[in-house]
Structures are given as structure tokens and as C-alpha cells.
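Worksheet: the structure to be examined is printed underneath.
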Protein chains: 2
Amino acid sequence: MAASVKEVAAEAGVSVGTVSNVLNRPEVVSERTVTKVTAAIEKLGFVRNDAARQLRAGHSRHFGLMVLDSRNPFFMDVTQGAQHRALENGYTVLMGSSDDSLTTEEQLLDLFDEQRVAGVLISPLHNDLSRLWKIREAGTPVVLVDRGSADRSFSSVSVDDVEGGRIAVQHLVDLGRKNIAFVGGPQSIEQVQHRLEGAQSVIAGTVDAVLQHMMTKQLTVMEGRRVGEQILAMDAAERPDGIFAANDLLALGILQALVMSGDLLVPKDIALVGYDNIDFAESAVVPLTTIRQPAEEIGRTAVDVLLREAEAGEDAVREQFVFTPKLVIRESTVPDSNKN
Amino acid sequence: MAASVKEVAAEAGVSVGTVSNVLNRPEVVSERTVTKVTAAIEKLGFVRNDAARQLRAGHSRHFGLMVLDSRNPFFMDVTQGAQHRALENGYTVLMGSSDDSLTTEEQLLDLFDEQRVAGVLISPLHNDLSRLWKIREAGTPVVLVDRGSADRSFSSVSVDDVEGGRIAVQHLVDLGRKNIAFVGGPQSIEQVQHRLEGAQSVIAGTVDAVLQHMMTKQLTVMEGRRVGEQILAMDAAERPDGIFAANDLLALGILQALVMSGDLLVPKDIALVGYDNIDFAESAVVPLTTIRQPAEEIGRTAVDVLLREAEAGEDAVREQFVFTPKLVIRESTVPDSNKN
DNA sequence: CGACATGATTGAAACGATTCATTTTTAGTA
DNA sequence: TACTAAAAATGAATCGTTTCAATCATGTCG
């Protein structure tokens with residue numbers, strides 16, 4: 001249906017090679033010819049067929065990006081950042097979300113393979129990275145996102161989650177809370193594990209402080225609400241006076257449950273800290289104290305690293321970017337921080 | 001780098017045609033051969049090269065989906081729905097967001113063209129649909145999403161926005177609010193325009209009621225906050241006692257500004273209605289009354305319609321799906337709806 | 001036993017852009 | 001004008017898959 005280089009060549013009275021040159025290296029073509037060809041392109045409404053182009057090239061101009069949860073605004077921000085930086089460099093981003101399913105992760109990676117993506121950005125769900133090794137061995141660079149590479153075998157762009165957990169719980173302890181609950185799971189997610197470790201390290205160094213772990217199956221508002229109800233059902237003795245949730249979605253769910261019941265006040269009875277600083281944390285029932293991660297910058301940086309790896313090929317240097325998380329204090333821990 | 005059908009054929013001792021048959025129509029190949037070829041595929045780790053496949057086919061197995069704002073959870077839900085349904089039918093979704101930029105919309109459509117997408121799902125920013133006509137004339141089906149087609153020239157899956165606006169403002173009027181503000185813009189976005197029309201129709205039929213239009217440049221939390229401050233700065237006489245915001249993001253922004261100042265109470269001084277019923281509406285400072293749209297179902301249905309159009313080709317029947325919006329009452333208009 | 005239908009397999013052509021070794025044109029110089 | 005170097009243009013080969021007309025094998029039936 002659409003015009004091809006051949007038709008453009010015919011229209012302009014030149015060879016297909018010349019049309020291709022006009023498209024890709026106009027500097028080697030005489031000015032007069034460029035004009036002719038451009039006119040023909042215009043006239044026929046020619047649009048490059050990317051499939052043919054990438055068939056020849058051997059790989060596409062797409063990056064594959066896989067996040068843990070496409071409905072988490074944090075990951076949307078990461079995606080946004082990645083997408084922009086990729087576009088600036090003439091690449092597109094194929095976005096997918098594993099959504100807590102190992103199968104989906106597997107399928108999405110298959111898809112990336114079929115598309116011969118030029119690189120993979122991934123926040124892996126699987127802790128076994130062998131599939132990623134294979135992908136890289138096949139010549140496709142891989143960068144871990146929002147997740148470090150302990151053995152530095154992959155380049156990574158992440159945030160120090162242990163430190164994040166530490167800051168969060170230290171804040172709770174500083175406020176005099178001693179009976180802390182960490183809410184989050186599944187533990188197989190490394191980010192969750194690290195945030196928990198940070199939390200534990202603070203508790204270990206604080207007299208009288210105890211930490212209980214309330215497990216969740218997902219990091220969603222729904223699960224948060226479930227945990228909230230669980231907390232409401234506890235008797236006063238065991239009930240925590242400080243909660244650190246593994247992300248803001250959980251925290252908002254918990255908050256919702258507590259506020260709806262009206263039985264427990266935040267932060268008076270329970271102080272609450274989330275993680276990510278998504279936009280909605282600020283406009284929550286009780287504005288949420290949380291740990292900020294530079295989401296868009298993570299996305300941008302990840303693409304930069306990927307571009308460098310793609311450039312370098314075989315002998316690419318692995319880079320480890322670790323951003324430092326920051327505490328954002330709001331009323332879910334300190335009342336009336338904004339009013340007087 | 002990766003193995004090709006040719007190598008698989010050699011490995012299995014058959015022709016390339018047979019390998020292709022095993023891949024696409026195993027029923028015409030003898031069982032013995034299928035086994036041999038499958039083994040070879042396994043051994044070589046063969047993965048189809050989709051570029052070659054779609055070059056041959058003339059079009060890809062991607063659908064292009066363009067939404068107005070990728071950071072709006074409503075559109076993320078639409079995307080989620082579309083993505084799932086597409087995947088069920090062996091298609092992938094190339095997601096883009098015009099983000100209030102006509103240029104971006106144009107570029108993204110160019111990208112879709114280059115990718116020879118099998119169909120376009122779009123919530124158009126441009127009111128001039130001529131580009132979409134061209135795309136369809138070139139043989140690519142187009143379905144409008146979250147947007148009707150007044151002249152029925154395109155298939156569409158939408159929600160009755162006029163009705164939505166009506167319900168929202170009727171609710172405010174029923175509560176005795178007479179000085180209503182409609183917050184939203186730019187007016188070039190049809191959804192905004194229709195919701196405003198619905199609002200106006202109610203006001204026109206109500207004695208003493210007045211409507212003012214507070215324009216925004218975007219439908220974001222930030223813009224909402226800006227409007228909120230504007231409202232705070234008004235003197236009591238002109239200040240509205242009921243606000244209908246064109247979407248939840250705006251509403252949450254407004255809410256945030258009002259609550260932070262502490263000068264005006266929601267809903268006592270100002271009742272607030274949003275639009276979309278995003279997840280975060282429920283966990284807002286003051287849980288938000290809003291108009292629910294079946295986001296995921298819109299996405300799914302849009303893909304269904306697109307598949308039908310693609311199937312039918314030239315003589316496809318245009319379908320108009322119009323969902324009915326529903327009022328969800330929460331405390332931003334009716335205090336203590338959940339407590340006693 | 002031979003003719004024939006049916007089933008299975010083959011292999012060359014096609015899709016459209018890019019590359020690059022080769023040829024043609026142009027411009028500059030003696 | 002003749003010759004040469006540089007610039008410009010050419011076109012065949014290539015990427016990997018699918019398709020389809022043609023060929024080959026197998027078994028059935030008269």
C-alpha cells in the first residue's frame with residue numbers, strides 16, 4: 001500500500017541506492033538530487049518501513065523496558081524518564097510490566113527477543129538472572145533498573161534501598177516509636193528485602209525497639225487495605241505504633257483502612273512512612289511521610305548507561321549508579337507540619 | 001548472532017519451508033518432522049525474527065495506542081485493558097502519550113507509520129482528524145478511544161461525557177450549591193468541552209445557579225494546585241461553593257491547595273467533584289466524589305473493535321460504543337458518608 | 001500391478017531498506 | 001584538448017521469514 005524506496009527512486013528518476021543515501025547520508029548526495037528525491041518522497045507520502053530497515057541492520061531501534069508494576073506511579077515516572085532520553089537518541093521504548101508474574105516476565109523477554117531489541121532495561125522479578133546473562137551473551141546489552149547488581153556483573157541504576165529503610169525507621173524511632181511494623185512482600189523482590197534489612201539494622205541498634213514483619217503478596221493499594229484491617233483487628237498490646245510500608249501504594253491502602261474505621265489516628269496512634277514519594281502521597285487523607293527516589297532520573301540514567309554499553313559492545317565497562325534516597329516528612333508522622 | 005530458519009533447517013535436515021510450516025501450520029507437517037524440527041529449534045535456541053516476518057506480511061502485529069497523558073492513572077487503566085486483550089489475540093501494544101503536545105502526537109503517529117502498526121487506537125488531541133483519515137485510507141484501521149465520533153466516520157469507544165458533566169453538576173445542585181465552578185482545559189480537548197456542556201445544561205435549568213469556567217492549561221495535579229490557590233485568593237462573594245473538576249488529578253490538586261491552607265473546608269465551604277474515579281480518589285485527604293468511567297473495559301472494547309475492523313478490511317462497519325458514567329459519592333461532597 | 005488421490009516436502013521468489021564495490025559524471029589542471 | 005582526481009550515482013546482493021506452485025512419497029483401489 002505505502003510507497004517504497006523503489007517507487008520513490010522511479011518518481012525522482014534516480015536509483016534506490018541514491019534514495020537511501022538521501023535518507024541516511026545526505027552529505028554524499030548532490031544538492032540538486034536531494035531536492036528531487038525529497039520532492040518525490042513528499043509527493044508519494046513515503047514512510048520508511050522500519051521492519052525492512054531493522055532486518056538489514058540485524059537489530060531494532062527499540063529498547064525493551066520491563067518494570068514490576070505498570071500501575072505504580074513510581075514506575076511510570078521511571079518509564080517517562082527512560083522514554084524521553086531514548087527518544088532523544090532516536091530509540092523507542094517497548095514497555096512491559098511483569099505484574100508479579102514470573103510467567104509474564106518470561107513472555108515479555110521472549111517478546112523482546114523476537115523484536116531483537118537493541119537493549120534491555122529491567123527491574124527483574126526473577127532472582128535468577130541466568131536469562132539475562134543469555135540475552136547479554138547474545139549481544140544485547142542489559143541494564144538493571146531500580147535494583148543493584150551485588151556482584152557487579154551487570155550495569156545497574158538503583159537507589160540504596162538499605163539506606164532508605166534505615167532512614168525511614170530511624171525517623172520513626174526518633175519520634176519515639178518502638179513497636180514498628182514493616183509491611184511488604186513478597187520477600188523475593190530484592191527492593192523489599194533491602195528495605196527490610198535497613199529497617200532491621202536500626203531496630204538492632206535501638207533499645208526496647210521491636211520489629212514485626214507483616215507480609216504482603218503484592219505492593220498494591222488493595223493489599224495495603226488488607227493489612228490495615230489486620231492491624232485494626234489486633235489488640236492494643238501487639239499493635240504497632242509505627243509502620244514502615246515498602247511502598248506508597250501499600251501505605252495509602254493502610255491509611256485508607258485506618259482512616260475509614262476511625263478507630264485509630266494517624267499519626268497519633270500509628271505513625272506511617274511510605275516509599276517512593278509518588279505524586280499522590282502528598283494529597284492523601286493524611287499527607288504521607290515517605291522516602292523519595294529520583295524516578296525520572298533513574299529512567300534517564302538507565303538509558304544513558306544502556307547507550308554506552310551498546311556503543312562499547314563486547315568490552316563494555318559495567319557501571320553501578322546508586323542514588324541516595326531522601327526522607328520527605330509530612331503529617332503521617334509529624335502532625336501539622338504545614339499548618340501552624 | 002541468533003539462529004535463523006536456515007540454520008534450523010540444516011540442523012533438522014529439512015527445507016526452510018518446512019521449518020516455517022512447523023512454526024505456523026504444524027498440522028500440515030508429519031509428526032515425525034515436527035519433532036525433529038522442534039528439537040533443532042530447541043537446540044539452537046532459535047527465536048523468530050519479527051522484523052523479517054512483518055516485512056513479508058506487510059504489516060506488524062503491533063497496535064499503536066496513543067493516550068492524552070501517560071501519568072493519568074485513568075489512561076494507564078485503559079492501556080492495561082487494551083494490552084491484555086491485544087495480547088490474548090497475539091498482538092502487542094505500542095504505547096505513546098501525546099502529553100498535550102500536538103507535535104508529539106504528530107511524531108508518535110509518524111512512528112506508528114514507520115512501524116506499520118496493524119491498527120491505531122487513539123484519544124486524539126488534534127481536533128482535525130484528517131491525519132487519521134489518511135492513515136485509514138492507507139489501510140490501517142483506526143478506533144477513537146475515550147472520545148466519540150460525532151459524524152460516526154470512525155469507530156469509537158467512549159463514555160458519555162455530556163451526561164457525566166450533567167450528573168456531576170446535578171449532584172452539586174442537589175446539595176444546594178448554586179455558585180458552581182467548572183475547572184478544566186484546554187477547551188480543545190473534546191472530553192473537557194463535553195463535560196462543560198453537561199455542566200452548563202444543568203445550570204441553565206436551575207434558577208439562581210451560576211457557572212464560572214476556570215481554565216487550565218493541562219489536566220494535572222500541578223494545575224489543580226494553581227487553581228486551588230486562585231480560589232483561595234478570591235473574595236467570599238465570588239468564590240464558588242461547588243467545584244466540578246474535569247478530572248481527578250485536577251480535583252486532587254485543588255483539594256491539596258485548599259486543605260493545606262486550612263482556610264476553606266471541603267465539603268462544608270466548597271463541595272468538590274472530580275472525574276475518572278482513579279484509585280487515589282478514594283484515599284485522598286478528603287475522599288473524592290467523582291464520576292466513574294470503566295477504564296479497563298474501554299481499553300478492552302477498543303481492541304475488540306479494532307480487531308473486527310482489521311478483520312473486515314475495506315467494508316468494515318463503524319461501531320460506536322458509548323458507556324454511561326456513574327456518580328460515586330464520597331466525602332468531598334457529602335460529609336461522613338462512611339462513618340456514623 | 002498400475003493409476004491416482006492424498007499427504008508431505010521442497011525451494012525459489014518476494015517483502016523493502018541498506019551497503020558497497022563499481023561505474024559514470026564533473027571539475028580541475030597541464 | 002586530454003588526462004586525472006574527486007564527487008556522485010548505480011545496482012546487485014543481503015537480511016530472515018513466508019508463501020505457493022511444483023515435486024516427491026505413500027498408500028489405496030480397481
Side-chain angles (χ1 to χ4, degrees), chain A residues 1-38 40-41 44-62 90 110-111 113-118 138-139, chain B residues 1-38 40-41 44-62 90 110-111 113-118 138-139:
Chain A
M1 194 103 243
S4 71
V5 270
K6 207 182 290 181
E7 298 168 59
V8 172
E11 174 73 29
V14 299
S15 74
V16 291
T18 300
V19 174
S20 178
N21 281 336
V22 171
L23 253 26
N24 303 298
R25 308 117 88 192
E27 69 278 6
V28 309
V29 183
S30 78
E31 203 165 323
R32 217 168 53 82
T33 310
V34 172
T35 318
K36 264 195 308 183
V37 172
T38 313
I41 288 177
L44 299 179
F46 166 80
V47 179
R48 249 205 206 86
N49 183 328
D50 195 56
R53 195 234 269 264
Q54 74 179 255
L55 171 57
R56 186 73 234 275
H59 63 90
S60 72
R61 297 182 67 75
H62 304 303
D110 287 347
L111 182 72
D113 273 350
E114 280 192 9
Q115 300 300 324
R116 300 291 191 275
V117 293
Chain B
M1 193 104 244
S4 71
V5 270
K6 209 181 288 180
E7 298 168 59
V8 172
E11 173 74 29
V14 299
S15 74
V16 292
T18 301
V19 174
S20 179
N21 280 336
V22 171
L23 253 26
N24 303 298
R25 309 118 87 194
E27 68 278 6
V28 309
V29 183
S30 78
E31 204 166 323
R32 217 169 52 84
T33 309
V34 171
T35 319
K36 264 195 309 186
V37 173
T38 313
I41 287 177
L44 299 179
F46 167 79
V47 179
R48 250 207 205 84
N49 183 326
D50 196 56
R53 194 235 269 265
Q54 73 180 254
L55 171 58
R56 186 73 235 275
H59 63 88
S60 73
R61 297 181 68 74
H62 303 304
D110 287 348
L111 182 73
D113 272 351
E114 280 193 8
Q115 300 300 325
R116 300 290 191 274
V117 294

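The sequence lines fix the lettering, A, B, ..., with proteins before strands; numbering per chain opens at 1.
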(request) Please figure out whether Gly13(A) or Val47(B) has its closest DNA chain D nucleotide nearer the 5' end. (result) Gly13(A)
(request) Sequence neighbours left out, what passes salt bridge (Lys or Arg N to Asp or Glu O under 4.0 Å) with Arg53(B)? Give chain and number order. (result) Asp50(B)
What nucleic acid atoms does [X] come within less than 4.0 Å of, heavy atoms only: base, sugar-phosphate, or nothing?
X	answer
Thr18(B)	base
Val19(A)	nothing
Val14(A)	sugar-phosphate

(request) Please check if the side chain of Arg25(A) supplies one atom and the backbone of Val22(A) the other of a donor-acceptor pair under 3.5 Å. (result) no
(message) Please report the interatomic distance NZ(Lys6(B)) to CD(Glu11(B)), rounded to the nearest 0.5 Å.
(response) 16.0 Å
(request) Find the distance between CD (Glu7(A)) and CG (Leu44(A)) and round it off to the nearest 0.5 Å. (result) 7.0 Å
Measure [atom1]/[X] against [atom2]/[N] and give the value in whole Å, please.
X	N	atom1	atom2	answer
Arg32(B)	dA8(C)	CZ	P	12 Å
Leu55(A)	dT14(D)	CG	C1'	9 Å
His59(A)	dT18(C)	NE2	P	12 Å

Pairwise N/O distances under 3.5 Å, protein to nucleotides 19-27 of chain D:
| residue | atom | partner | partner atom | Å |
| --- | --- | --- | --- | --- |
| dT19(D) | O4' | Arg56(B) | NH1 | 3.0 |

(message) Can you see whether Thr35(A) engages Thr38(A) through a side-chain donor-acceptor pair at a distance of less than 3.5 angstrom?
(response) no
(request) Identify the two heavy atoms, one from Gln54(B) and one from Ser60(B), that lie closest to each other, and give their separation to 0.1 Å. (result) OE1-CB, 3.3 Å
